Participant: 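I'd like to ask some things about the structure below.
Side chains included, hydrogens not; waters and symmetry mates left out as well; all remaining heavy atoms used. Indexing begins at 1, ligand by ligand and atom by atom, following the structure's order. None of the values given here were measured: they were computed from a predicted structure.
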Amino acid sequence: MSASKSFGELGSVIKSSTTSIEDILTALNLSHLSNYPDGATYQYPTALQEHRQRLLEALEELQVLTLGPTEYLFPTFHVLYHYNIASHVPENGESISYEKLAQRCGLPEAELRRIMRAAMSLRVFELGDEEESPGNGPGRGGVRHNAVSHALRTTLAHDAVGFALEEYGPAALQYAESLRRFPASVQPDETALALANGSASMGDDIFSAIAGQPARTERVANAMSWVMTLPENSSNHFVGNVPWSPSLPLQRTDSAGHATTCPRVVVDVGGSHGDLSRALLRRYREIECVICEDLPEVTKRNLERGVEDEDESISSRLKYREYNFFTEQVVHGADVYVFRTVLHDWPDKQAIQILRTQVPALKPGARILVNDMCIEEGSSSQASGEAQLRRQSQFITILTHFSHPATSATDLMVKMSMNARERTREEWYHLFAEADPRFHIQSIISPPLAVHSIIEVVWQGAGA
Ligand SMILES: C[S@@+](CC[C@H](N)C(=O)[O-])C[C@H]1O[C@@H](n2cnc3c(N)ncnc32)[C@H](O)[C@@H]1O
């Protein structure tokens, strides 16, 4: 990738530039300038411009280095995605001439050059070997991948970028209008995304709106799989902290005082491609079966994709099943029902409905494990899940660069898409109490460095 300095070198540049800036400000009696509002706007004096420029460059480079190529995908802009330019640049560090790349992408060479110049300024791709076409002058030898553009080559990353740009980009531009048209609405079809899809107030949430479009449906599912590759979102946080995990510091017991044992049958509701299902099966050999449920289109793709490259010990225990969670749960008597980043998509009314449709299937002591965010009102602590999430959701800062300065928080993403919101702990308690008083929240675990908490809910009703 184009960040050529090490952490240590960048740290030194940052230290020396900030010291120089501070010295100049002190000499000019301006050391009081800060980010905190004091009623004054200010411009930095020219004397410190050079240090400021050095500092900004080092900070940018440090950010790229710290995020790593996969998370630093957000500067990808739409034309790069649309023409799938990364896929036309050879792998293995080989350069490609602008002429050839333009042909492969179906773009005029002059336009491609402009696009690539902009991309490289954002540290996506880098200049190729000058020797390749020596007559063209410095930097004219074409381009090649850097780590960031190379990461963009993979379908999952590319689809994640496309999902953000093409689903949320247009929605972000409708956000203000949606607030004007549907003030205080909690209907999933009265949203910015629905306006962008021309389906507002027609009874369609986004999942229904794209249901008949396999390419879009697949892109959403791939984007979800990509999100799970980000460290803060890794399935490891869930898998390592489930109530039966041996790695928990304290041995967990159920309400009768028995040690919490590993479940045999788990249902992954709204499980998309089944990434979490597979992670559970890999870690817990005692789980006999995980049933990954999702909408028909998603399940169809899961079944078509098959299990060719799958370890047989996992594929034999993983089942895919069509299920609409607004209807009665079809798998009765499972030990655990997992909802990972599902309920946060829905306003309370629908989330309650989803929980109630599970009730007829629940046996006494069955668990629901929700893996969603517990936001902390008013917290800006860097250690909180919310602050983690702000960084994680660079996913949507794609929009801040090239579409609309919309948001850097999934709270606004779920608002724009479904009129939903991320919930506080109290709101989770309230939601379950509303859904059915026999749901008992047994624990909420927020693993360190994880975006999502694990809300363990035990069914205290008699069985169905
Ligand atoms: C935000 S994704 C979460 C996917 C997965 N659990 C994860 O953590 O990556 C929400 C999932 O809910 C599914 N979904 C949406 N509406 C549904 C419905 N009515 N019934 C079942 N699944 C649904 C979507 O297809 C999608 O896979």
Participant: Of all heavy-atom pairs between Glu422 and Val414, which one has the smallest distance, and what is that distance?
Facilitator: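 Nearest pair, atom of Glu422 first, then Val414: N-CG2, 4.1 Å.
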Participant: Which residues satisfy the salt bridge (Lys or Arg N to Asp or Glu O under 4.0 Å) test with Asp275, sequence neighbours excluded?
Facilitator: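 Expected list: Arg278.
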Participant: Give a yes or no on whether a salt bridge exists between Glu57 and Lys5, defined as a side-chain N under 4.0 angstrom from a carboxylate O.
Facilitator: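 Salt bridge flag = no for Lys5 with Glu57.
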Participant: Parallel, tilted or perpendicular: which one describes the rings of Trp428 and Phe432, with boundaries at 30° and 60°?
Facilitator: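 The rings of Trp428 and Phe432 sit tilted, inter-plane angle from 30° to 60°.
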Participant: For Asn324, check side-chain hydrogen bond (donor to acceptor under 3.5 Å, both in side chains) against everything at least two apart and list the hits.
Facilitator: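 Result, side-chain hydrogen bond (donor to acceptor under 3.5 Å, both in side chains) vs Asn324: none returned.
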Participant: Identify, with sequence neighbours excluded, every residue that meets salt bridge (Lys or Arg N to Asp or Glu O under 4.0 Å) alongside Arg423.
Facilitator: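 Arg423: salt bridge (Lys or Arg N to Asp or Glu O under 4.0 Å) contacts with Asp348.
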Participant: For each nitrogen or oxygen atom of ligand 1, which protein N/O atoms lie closer than 3.5 Å, and how far apart are they, rounded to 0.1 Å?
Facilitator:
unit_1	atom_1	unit_2	atom_2	d
ligand 1	6 (N)	Gly270	O	2.8
ligand 1	6 (N)	Arg340	O	2.8
ligand 1	8 (O)	Arg340	O	3.3
ligand 1	8 (O)	Arg340	NH1	3.1
ligand 1	8 (O)	Thr341	OG1	2.9
ligand 1	19 (N)	Asn324	OD1	2.9
ligand 1	20 (N)	Tyr323	O	3.4
ligand 1	20 (N)	Phe325	N	2.9
ligand 1	25 (O)	Asp294	OD1	2.6
ligand 1	27 (O)	Asp294	OD2	2.7

